[in-house]
K.L.:
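Sharing a structure, written as structure tokens. Questions coming.
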Amino acid sequence: MAQLLAPALPDRARMRRSAPAAVSAVALIAMLCVCSSLQPGVLTVEGLTLVLSATVPLVIAAQAQMTLMAVGDIDLGIGNFVGLVTVVSATLLVSSPLVGVLVLLGLVAAYAVLGLLIHLREVPALIATLGASFVWLGLGLFLLPTPGGTTPGWLASFGAWQPAGFPAPLLPILVVALVVYLLSARSAAGVRMRGLGSNPVALRRAGLRPLTSRVIAYATAGALGVLSGLVLASQTGGGDVSSASSYTLMTVAAVILGGGSFSGGNAVPWGAAIGGVTLGLVSVVLSLLDVRSDMQSAVQGVIVLAVLAGRVVVGKVLR
């Protein structure tokens with residue numbers, strides 16, 4: 001176990017590790033400045049609540065994606081999974097609350113089983129999660145063929161909660177990022193997950209089971225996916241299995257923007273949160289700039305590439 005615990009990073013290495021998140025933070029601040037110049041009310045509590053609310057479920061889903069990327073996997077089904085949770089929230093949680101809760105717990109268990117099968121059968125995570133995405137989509141369409149339904153009162157109340165003097169969306173973003181940070185960076189389970197992503201051989205030599213680490217990672221991702229879906233349902237007031245289809249690639253981009261890597265072994269919860277908020281604010285900036293809807297996707301891609309280029313440049317400078 002000791003060989004999995006990295007020694008204290010020197011100052012330059014620590015700076016190099018945190019540089020991607022810093023670049024994303026600069027981009028986030030720049031977009032907030034642009035928003036405030038176009039609409040001065042953005043920097044008020046009400047304005048920040050409005051522009052940040054849509055980023056909350058994306059940020060939580062990005063934490064789920066980061067958890068799997070830390071073990072070297074990528075989840076191509078997180079978007080449909082979050083959409084399925086909104087459908088369960090708008091149907092079963094309303095008509096049969098106990099059944100709805102059991103179904104949500106079953107979805108978390110299904111994610112853990114998915115991780116188990118990936119490890120035991122040595123199926124590439126990309127293939128397995130892509131196949132699972134069609135399962136989530138099919139279940140969502142079976143429960144709710146067309147968007148609609150209503151969310152439970154307690155969930156709708158959470159979506160409408162507005163504390164005095166504080167932007168409500170910041171609270172779930174900070175709390176979830178803190179919890180994931182404590183799990184990934186300050187717990188034995190987090191060390192094992194990162195060890196699986198960076199050096200599975202050392203993990204085995206330390207007498208630890210890679211299977212357990214992967215199952216824990218997938219169960220954690222499933223729980224975060226359920227939370228993301230509940231938050232999204234609280235904002236939309238209904239269910240739609242396709243409502244989060246864009247999250248699949250956006251969560252990967254958020255993790256990379258925040259300092260994550262495709263090779264595994266690296267978990268930066270605060271960076272993933274900043275990356276998710278940054279991506280969520282892009283559409284707000286483009287709307288305020290009156291960019292045509294058919295051009296917004298292209299402009300979003302350019303902005304993401306610019307931030308990634310900044311990350312590369314800063315990384316080379318700090319080498």
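Atom set for the values below is all heavy atoms of this structure, side chains included, hydrogens, waters and symmetry mates excluded.
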K.L.:
At their closest point, which heavy atom of Pro172 faces which heavy atom of Val56, and how far apart are they?
P.N.:
CG-CG1, 3.8 Å
K.L.:
Testing the basics here: between Ala253 and Leu279, what is the closest heavy-atom pair and its distance to 0.1 Å?
P.N.:
CB-CD1, 3.8 Å
K.L.:
If every non-hydrogen atom of Thr49 is compared with every non-hydrogen atom of Ala168, which pair is closest and at what distance?
P.N.:
OG1-N, 3.8 Å
K.L.:
Side chain to side chain contact (heavy atoms under 4.5 Å, CB included), that's the test. Do Leu232 and Ile60 meet it? Break it down for me.
P.N.:
CA-CA 10 Å; Leu232 183 58; Ile60 299 175; over 6 Å; no
K.L.:
For Ile74 versus Thr129, what's the shortest heavy-atom pair and its separation?
P.N.:
O-OG1, 3.3 Å
K.L.:
Mind checking the SG-CG spacing from Cys35 to Leu43? Nearest 0.5 Å is all I need.
P.N.:
8.5 Å
K.L.:
Apart from Leu50 itself, what residues make up its hydrophobic cluster when side-chain heavy atoms of I, L, V, M, F, W and Y under 4.5 Å apart count as a link, directly or indirectly?
P.N.:
none
K.L.:
Could you walk me through whether His119 and Val215 pass the side chain to side chain contact (heavy atoms under 4.5 Å, CB included) check?
P.N.:
CA-CA 9 Å; His119 191 90; Val215 170; over 6 Å; no
K.L.:
Please report the interatomic distance CD(Glu46) to CD(Gln162), rounded to the nearest 0.5 Å.
P.N.:
8.0 Å
K.L.:
So, do Leu174 and Trp270 sit near enough that their side-chain heavy atoms are less than 4.5 Å apart?
P.N.:
yes
K.L.:
Does Arg186 use its side chain to pair, donor to acceptor, with the backbone of Tyr181 at less than 3.5 Å?
P.N.:
no
K.L.:
Are any side-chain N or O atoms of Thr236 and backbone N or O atoms of Gly238, one a donor and one an acceptor, separated by less than 3.5 Å?
P.N.:
yes
K.L.:
Rounded to the nearest 0.5 Å, how far apart are OG1 of Thr86 and CG of Leu230?
P.N.:
9.5 Å
K.L.:
I'd like to know if Leu139 and Val108 are part of one continuous hydrophobic network [Ile/Leu/Val/Met/Phe/Trp/Tyr, side-chain heavy atoms within less than 4.5 Å].
P.N.:
yes
K.L.:
Assess whether atom CG of Leu249 is packed by more than 12 heavy atoms of other residues, nucleotides or ligands within 6.0 Å.
P.N.:
no
K.L.:
Would Leu68 end up clustered with Leu120 when hydrophobic side chains under 4.5 Å apart are linked, directly or stepwise?
P.N.:
no
K.L.:
Roughly how far, to the nearest 0.5 Å, is CZ of Phe81 from OG1 of Thr248?
P.N.:
12.0 Å
K.L.:
Check each of Ser53, Pro167, Pro169 against Leu48 using the side chain to side chain contact (heavy atoms under 4.5 Å, CB included) test, and report the only one that passes.
P.N.:
Pro167
K.L.:
Measure from the side-chain N and O atoms of Ser287 to the backbone N and O of Ser283, and report whether any donor-acceptor pair falls under 3.5 Å.
P.N.:
yes
K.L.:
Compare all side-chain heavy atoms of Leu104 with those of Leu93 and state whether any distance is below 4.5 angstrom.
P.N.:
yes
K.L.:
Let me check something: do Leu286 and Val34 share a hydrophobic cluster, defined by ILVMFWY side-chain heavy atoms less than 4.5 Å apart, either directly or through other members?
P.N.:
yes
K.L.:
What do the steps show when you test Val59 against Val176 for side chain to side chain contact (heavy atoms under 4.5 Å, CB included), and what is the final call?
P.N.:
CA-CA 9 Å; Val59 167; Val176 171; over 6 Å; no
K.L.:
Dump the intermediate steps for side chain to side chain contact (heavy atoms under 4.5 Å, CB included) on Phe134 and Asn80, then the final yes or no.
P.N.:
CA-CA 8 Å; Phe134 295 113; Asn80 285 340; 5.6 Å; no
K.L.:
Does Ser133 use its side chain to pair, donor to acceptor, with the backbone of Leu130 at less than 3.5 Å?
P.N.:
yes
K.L.:
Would you say Val94 ends up clustered with Leu105 if hydrophobic residues are merged whenever their side chains have heavy atoms under 4.5 Å apart, either directly or through other cluster members?
P.N.:
no
K.L.:
Is Thr220 reaching over with its side chain to a backbone N or O of Ile216, donor-acceptor style, under 3.5 angstrom?
P.N.:
yes
K.L.:
Measure from the side-chain N and O atoms of Gln63 to the backbone N and O of Ala272, and report whether any donor-acceptor pair falls under 3.5 Å.
P.N.:
no
K.L.:
For Ala128 and Val123, which heavy atoms make the closest approach, and how far apart are they?
P.N.:
CB-CG1, 4.0 Å
K.L.:
For the atom pair OH (Tyr218) and CG (Asp75), what is the distance rounded to the nearest 0.5 Å?
P.N.:
6.5 Å
K.L.:
For the CZ atom on Phe166, are there more than 12 heavy atoms of other groups (residues, nucleotides or ligands in this structure) within a distance under 6.0 Å?
P.N.:
yes
K.L.:
Any chance you could measure Leu281, atom CG, to Leu52, atom CG, to the nearest 0.5 Å?
P.N.:
6.0 Å
K.L.:
Is any side-chain heavy atom of Val82 closer than 4.5 Å to one of Trp136?
P.N.:
no
K.L.:
Please answer whether the main-chain N or O of Ser245 pairs with a side-chain N or O of Ser242 as donor and acceptor at a distance below 3.5 Å.
P.N.:
no
K.L.:
Should Ser184 and Pro269 count as side-chain neighbours, where that means a heavy-atom distance under 4.5 Å?
P.N.:
yes
K.L.:
May I ask you to test the Val241-Phe142 pair for a side-chain heavy-atom distance under 4.5 Å?
P.N.:
no
K.L.:
Please give me the minimum heavy-atom distance between Thr67 and Ala217, naming the atom from each residue.
P.N.:
CG2-O, 3.5 Å
K.L.:
Linking I/L/V/M/F/W/Y whenever any side-chain heavy atoms sit under 4.5 Å apart, do Ile29 and Ile173 land together?
P.N.:
no
K.L.:
Do Leu183 and Met193 come within less than 4.5 Å of each other through their side chains, counting heavy atoms only?
P.N.:
yes
